[in-house]
Amino acid sequence: MVESGGIKLDISGLDEFLRPGEVEAMSPRVAAAATSLEDGTCPGSEYLGWLDLPKRITDAELTAIEATADRARRDTASYVVIGIGGSYLGARAVLEALGGPAAGCPEILFAGTGLCSATLDRLLTRVRESDFLLCMISKSGTTLEPAVAFRLLRAELEKKYGRAGTAERITAVTDASRGALRGLATAEGFETYVIPDNVGGRFSILTPVGLVPLAVAGVDIRELVAGARAMREACRTDELTANPAHLYAAVRNLLYEKGFHNEVMSTFHGDLQMLQEWWKQLFGESEGKNGQGIFPASTVFTTDLHSMGQYIQDGRRNLQETFLCVREGVGGLSVPGPDAGDLDGLNYLGGRSLDDINWKAYQGTKQAHLAGGVPCTSFEMESLTPHTVGGLLYLFEKAVGVSGLLLGVNPFDQPGVETYKKEMFRLLGKR
Ligand code: PA5
């Protein structure tokens with residue numbers, strides 16, 4: 001068990017699956033991977049800007065983002081964030097984990113995450129009658145899905161405000177000099193923020209990609225960054241069992257080497273579903289290459305215990321499970337009772353909090369899955385705050401860097417993503 005920043009990593013569920021001393025024996029391999037990250041000699045070293053990002057973010061940068069957010073809060077009830085993959089998942093994950101926009105802040109709507117006409121049409125109908133602002137996020141500035149959504153949403157704004165009024169309602173987050181979005185922003189005079197060259201999309205949550213929408217939603221971005229900064233320090237030590245990121249990377253690789261090729265992240269909190277999606281992108285895109293990689297999947301319990309539970313309990317034994325659990329949720333509901341007659345048979349739960357019942361469901365599920373031959377690792381938190389979530393984000397980023405290097409891949413590129421684009425653009429006749 002290692003604890004840092006309110007996050008406990010418990011690997012006691014692996015006792016049956018790993019030999020004594022096996023984790024400690026990973027220490028030299030993990031240290032070599034971590035050293036090559038820290039000294040910038042690993043594959044993909046041109047994309048290591050995320051490593052020290054929490055420390056490099058300046059007060060002036062945060063102040064500028066907060067000023068953009070204050071203006072947005074004054075000017076609109078709806079803030080539409082356009083982006084896909086690494087330019088979308090982080091902001092949505094953090095926002096949902098923290099329970100959505102704060103009181104008095106605009107609703108945050110997401111667009112550009114696909115090419116489904118019905119989805120986009122619903123969004124256009126929703127914002128058409130009201131006032132809205134746009135935040136267009138694309139590092140390359142050329143990604144098709146957000147570019148299409150941006151063109152449609154800009155057209156809606158132009159009908160209402162003309163070209164100049166539209167430009168005042170748009171913030172663009174993109175590369176400093178390259179790409180169509182940068183050219184468009186310069187030509188039209190949008191407010192802009194820069195995504196640093198050396199930070200890849202899935203590692204960009206602590207750049208303006210994540211910080212601008214989160215600040216608009218009233219999230220305390222200074223606390224988020226502070227949590228990441230503290231976790232950066234906690235994840236520096238070479239003592240494997242005291243370093244949560246390194247320990248997690250080590251055990252999931254040990255299990256992979258024993259044939260547990262799929263990792264299911266399970267949570268009992270619906271608010272963490274998008275964080276699981278962010279985690280899936282981070283790990284899947286970083287590790288799935290050269291015929292290698294742990295396949296990341298996710299389940300939200302107890303819902304999915306009634307659908308995927310059977311497979312996890314009893315299906316092919318190639319699954320490792322990582323729980324992401326919070327003891328105290330938001331809402332504070334308890335089961336009413338006791339009830340005269342107890343006709344629904346629930347009096348044994350009368351007066352107990354749902355958080356308590358949910359925690360017991362987690363503990364019972366973990367016991368059952370362990371007994372079914374699933375190695376289980378747990379991340380446990382008392383509650384979710386911007387500080388804890390910032391720490392969690394950094395912990396997973398550091399873990400995937402080390403884990404990908406242990407697997408022997410470059411964790412910081414994504415050459416496979418280009419293949420579908422090439423085929424799609426050929427069919428669409430792009431020149
Ligand atoms: O992690 C990645 O690099 C990708 O998921 C990108 O973030 C995604 O494809 C969007 O790219 P862009 O920001 O260039 O529009």
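Everything numeric here is computed off the predicted structure, so don't read it as measured data. Whatever order the structure lists ligands and atoms in, that order sets their numbers, starting from 1. Both backbone and side-chain heavy atoms feed into the values below; hydrogens, waters and symmetry mates do not.
- Side chains of Thr142 and Arg178: a donor-acceptor N/O pair is absent below 3.5 angstrom, by distance only.
- The cationic group of Arg169 lies under 6.0 Å from the six-membered ring centre of Tyr161 and within 45° of the ring axis, placing it in a cation-pi geometry.
- Proximity to Gly201 (heavy-atom distance under 4.0 Å) selects the following atoms of ligand 1: 1 (O), 2 (C), 3 (O), 7 (O).
- From the protein, the heavy atom lying nearest to atom 12 (P) of ligand 1 is Thr143 OG1, 3.3 Å.
- Glu285 OE1, 3.1 Å is the protein heavy atom nearest to atom 2 (C) of ligand 1.
- Atoms of ligand 1 lying under 4.0 Å from any heavy atom of Ser140, numbered from 1 in the order shown and given with element: 12 (P), 14 (O), 15 (O).
- With respect to Phe17, the side chain to side chain contact (heavy atoms under 4.5 Å, CB included) criterion is satisfied by exactly one of Leu370, Ile11, Leu254, Val251: Leu370.
- Taking a cutoff of 4.0 Å between a charged side-chain nitrogen and a carboxylate oxygen, Asp121 and Arg128 do not qualify as a salt bridge.
- Each of Lys280, Gln281, Gln273 was evaluated against Glu277; a single residue qualifies, Lys280, per the side chain to side chain donor-acceptor pair (under 3.5 Å) test.
- Between Ile137 and ligand 1, not a single N/O pair is under 3.5 Å apart.
- Residue, atom and distance of the protein heavy atom nearest to atom 8 (C) of ligand 1 are Ile84 O, 3.5 Å.
- Listed by number with element, the atoms of ligand 1 under 4.0 Å from a non-hydrogen atom of Gln281 are 1 (O), 2 (C), 4 (C), 5 (O).
- At least one test fails for Arg252 against the ring of Tyr256: distance under 6.0 Å to the centre or angle within 45° of the axis.
- Close approach of ligand 1 to Gly86 is summarised as follows: ligand atoms under 4.0 Å from at least one heavy atom of the residue are 4 (C), 5 (O), 6 (C), 7 (O).
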